[in-house]
Amino acid sequence: MSDLDNIIFKHALLNAVKHNGSANPGAVIGSIMSQEPKLRSEAKKVQSLAGEIVAKVNNMSLEDQNSELLSLGLEVQEKKQEKEIGLKDLPGSHENVVMRFAPNPSGPLHIGHARAAIPNGEYVKRYEGKLILRIEDTDPKRIYEPAYEMVEQDLKWLGIIPDEIFYQSDRFEIYYEYAKKLIELGAAYMCTCDGGDFKNLKDQSIPCPCRDNSVEKNLELWEKFESMSEGEAVLRVKTDIKHKNPAIRDWVAMRIVDEVHPRIGTKYRIYPMMNFSVAIDDYLMGMTHVLRGKDHLANSEKQKYLYEHLEWDIPEFIHYGRLKMEDIPLSTSKALEGIENGTYSGWDDPRLGTLRAIARRGIQAETITELITEIGIKMSDSAISWKKIHGLNRNILEEKTNRYFFVPYPVKIDISEYEEDVKDIERPLHADFLERGNRHLTFDGEVYISSDDFTDGVTRLMDAVNVDILGDYVKFNSVSFEEARDLKARIIQWVPAKENIKAEIVMTDASVINGVCEIECKNLKVGDIVQFERFGFARLDEISNDKLTFYFAHK
């Protein structure tokens with residue numbers, strides 16, 4: 001084999017052994033271009049030979065590949081054992097697993113919701129179980145009607161498709177049936193005490209007078225319940241009146257709510273409290289495992305009393321710590337207030353932590369899944385930041401995204417004493433995947449550069465020429481990269497003055513940076529994510545007649 005063949009063969013072997021015997025031609029070419037600078041001028045020749053040589057290497061057994069490497073005095077270092085991360089196995093049986101994601105429709109989903117949605121979805125996939133989406137809309141005062149549709153859209157973006165969908169507002173008759181049954185069992189009672197008076201008694205572990213009412217009396221009050229005023233009575237579940245936690249003592253199961261419900265209007269006035277409807281539904285829907293935050297520990301304790309009264313098997317309750325979000329606003333009510341008063345442009349404003357805002361910026365669903373899976377299910381609290389999210393997302397986007405030039409706040413320069421012919425400058429769409437091809441920029445001595453780069457000194461325009469900038473005067477210096485390196489020149493991106501597209505980039509703080517990008521960006525589609533060299537990753541959000549609008553992801 002020729003010297004070039006040997007070099008390609010060596011890089012193909014290294015890549016193959018790293019990947020269990022299968023080398024990737026693009027990765028092999030990228031490795032050669034980065035580690036063998038003298039061959040960059042022969043990129044086309046390397047590219048034409050690589051496919052055949054990689055195919056030859058891939059036809060070898062992994063054992064033979066390793067032998068060849070050893071004969072060349074090379075070996076692939078084994079990766080260090082990675083620290084185990086991710087979701088530990090669920091407790092209890094793993095047969096016929098049924099789990100649920102149960103949000104309140106107060107707005108679209110944000111990262112905090114992903115904390116619950118992703119583990120449920122991942123566990124169900126692991127155990128080939130069933131996932132239920134249950135919309136918990138039994139508090140009409142906390143419902144944002146468009147959220148019914150938004151929740152399903154956001155889950156779909158995460159790649160989570162529930163097997164069944166339930167709306168608690170459709171299940172009031174079921175809750176009434178079990179409320180009456182609990183009364184008949186003597187496990188619940190109608191309480192007409194003033195709320196303050198009840199609290200005083202409860203805090204002293206003293207039962208209220210209503211607790212001793214007969215089943216007949218309670219059923220009589222239950223039948224009259226719907227005609228009562230809001231706050232006149234509630235249905236309580238009997239627990240241990242001396243329980244060490246006062247919040248557990250005889251908790252409220254049903255109350256009167258005078259509010260128009262977006263789905264059922266004024267059909268019902270008796271509304272279930274969360275602990276009552278959740279416990280009933282978790283049993284009837286066959287939940288085997290219930291994931292919830294540790295702030296629900298008291299609620300789990302409350303719900304166990306209901307299970308015991310009805311002689312039901314209690315599911316596996318699994319609690320996890322709080323997720324602290326550094327610099328990520330998650331309050332749905334504050335976000336809605338900001339949208340209504342014009343502070344935010346919508347639920348996908350880049351300053352918000354909603355999934356749709358994150359997606360608009362080009363953060364990948366896989367990033368959020370990896371983040372939440374890495375955190376796992378544990379009782380200790382966890383903290384995340386944009387820095388962490390950006391790091392994970394960058395790892396995913398690095399290979400996916402093509403490179404282009406964008407010049408923010410452009411300044412036009414006419415290079416004095418440049419007398420060479422017009423050049424067709426080729427730059428790869430991705431230096432590690434040369435098979436994707438090149439983009440072309442016409443260089444004739446008139447270009448746009450960023451105002452931030454328009455400072456005195458020797459500057460190299462990438463793959464074009466070296467210039468001297470002195471005040472407003474720009475003079476041709478030289479051509480080669482080697483000369484630029486010797487001169488310790490700055491290396492900057494540029495865009496032809498005659499061939500370009502206006503572009504704006506909406507930043508994470510919602511500010512807008514105006515500029516121009518190279519003409520080949522005209523081939524992009526809405527939703528495409530690119531890496532603007534020396535600027536960062538951005539997602540194309542809108543195409544107008546004379547301008548492209550991108551949303552900035554991160555560096």
Side-chain angles (χ1 to χ4, degrees), residues 87 90-106 109 113 115-139 142 151-152 155 160-182 185 187-188 235-239 247-248 251-255 270-320 377 379:
L87 300 172
L90 289 173
S93 172
H94 297 157
E95 293 185 11
N96 302 315
V97 168
V98 181
M99 303 180 75
R100 45 78 163 175
F101 174 58
N104 178 281
S106 57
L109 302 183
H113 291 109
R115 172 74 157 123
I118 289 171
N120 277 291
E122 291 298 306
Y123 277 129
V124 164
K125 280 193 282 188
R126 180 183 297 183
Y127 302 121
E128 299 182 350
K130 180 167 73 172
L131 178 67
I132 288 174
L133 169 62
R134 189 172 69 218
I135 305 297
E136 299 192 342
D137 57 346
T138 58
D139 185 351
R142 295 182 59 211
V151 166
E152 292 186 48
L155 281 180
I160 298 173
I161 308 298
D163 297 291
E164 292 184 79
I165 301 175
F166 292 94
Y167 300 87
Q168 287 193 321
S169 54
D170 291 336
R171 300 173 63 79
F172 276 52
E173 296 297 336
I174 295 171
Y175 306 140
Y176 294 170
E177 175 189 345
Y178 282 94
K180 187 174 181 180
K181 184 171 184 177
L182 284 166
L185 290 171
L235 177 70
R236 294 187 180 277
V237 172
K238 286 184 180 179
T239 66
I248 307 294
W251 50 271
V252 176
M254 292 279 195
R255 85 286 198 200
I270 304 173
Y271 275 73
M273 295 293 285
M274 182 275 289
N275 279 303
F276 186 76
S277 58
V278 163
I280 298 295
D281 282 344
D282 280 349
Y283 173 75
L284 295 180
M285 295 176 187
M287 297 303 153
T288 58
H289 299 78
V290 174
L291 295 181
R292 50 172 56 137
K294 67 181 181 182
D295 53 318
H296 283 283
L297 280 165
N299 289 328
S300 296
E301 187 72 15
K302 288 180 181 181
Q303 292 167 28
K304 285 178 182 178
Y305 279 95
L306 199 60
Y307 278 84
E308 289 166 359
H309 287 318
L310 294 167
E311 298 182 347
W312 291 344
D313 291 334
I314 299 173
E316 295 280 358
F317 289 127
I318 304 147
H319 300 89
Y320 49 78
I377 300 298
M379 284 289 279

| query | Does any N or O in the side chain of Arg236 come within less than 3.5 Å of the main-chain N or O of Ala253, such that one atom is a donor and the other an acceptor? | reply | no

| Of Asn275, Asp282, Asp281, which is the lone residue that meets side-chain contact (heavy atoms from CB on, under 4.5 Å) with Val278? | Asp282

| request: To the nearest 0.5 angstrom, please state how far the NE2 atom of His113 sits from the CZ atom of Phe101. | output: 5.5 Å

| message | Restricting to non-hydrogen atoms, name the atom on Met287 and the atom on Met99 that form the minimum distance, rounded to 0.1 Å. | response | SD-C, 3.7 Å

| query | How far apart are the C-alpha atoms of Met254 and Val237, what are their side-chain angles, what is the distance that settles it, and do they pass the side chain to side chain contact (heavy atoms under 4.5 Å, CB included) test? | reply | CA-CA 9 Å; Met254 292 279 195; Val237 172; over 6 Å; no

| query | Mind checking whether Met274 and Asn104 have side chains closer than 4.5 Å, heavy atoms only? | reply | no

| query | To the nearest 0.5 Å, what is the distance between CD (Gln303) and CD1 (Ile280)? | reply | 10.0 Å

| field | Minimal non-hydrogen separation, Val98 against Gly286, with atom names | value | CB-O, 3.3 Å

| Under 6.0 Å from the CG atom of Asp163, do we count more than 12 heavy atoms belonging to anything else shown? | yes

| request: Indicate yes or no for a side-chain donor-acceptor contact from His319 to the backbone of Met379 under 3.5 Å, with no hydrogens or angles considered. | output: no

| request: Kindly say whether Asp137 contributes a backbone atom to a donor-acceptor pair with the side chain of Ser169 at under 3.5 angstrom? | output: no

| Any donor and acceptor pair, going by atom type alone, linking the side chain of Tyr283 with main-chain N or O of Leu310 inside 3.5 Å? | no

| Pairwise distance CG(Asp313) to OG1(Thr288) - rounded to 0.5 angstrom | 12.0 Å

| query | Between Arg126 (side chain) and Leu87 (backbone), is there a donor-acceptor pair under 3.5 Å? | reply | yes

| field | Minimum heavy-atom distance between Ile135 and Val151, given as atom pair plus value | value | CD1-CG1, 4.1 Å

| task | Step through the shown structure and confirm whether more than 12 heavy atoms of other residues, nucleotides or ligands are within 6.0 Å of NZ on Lys294. | result | yes

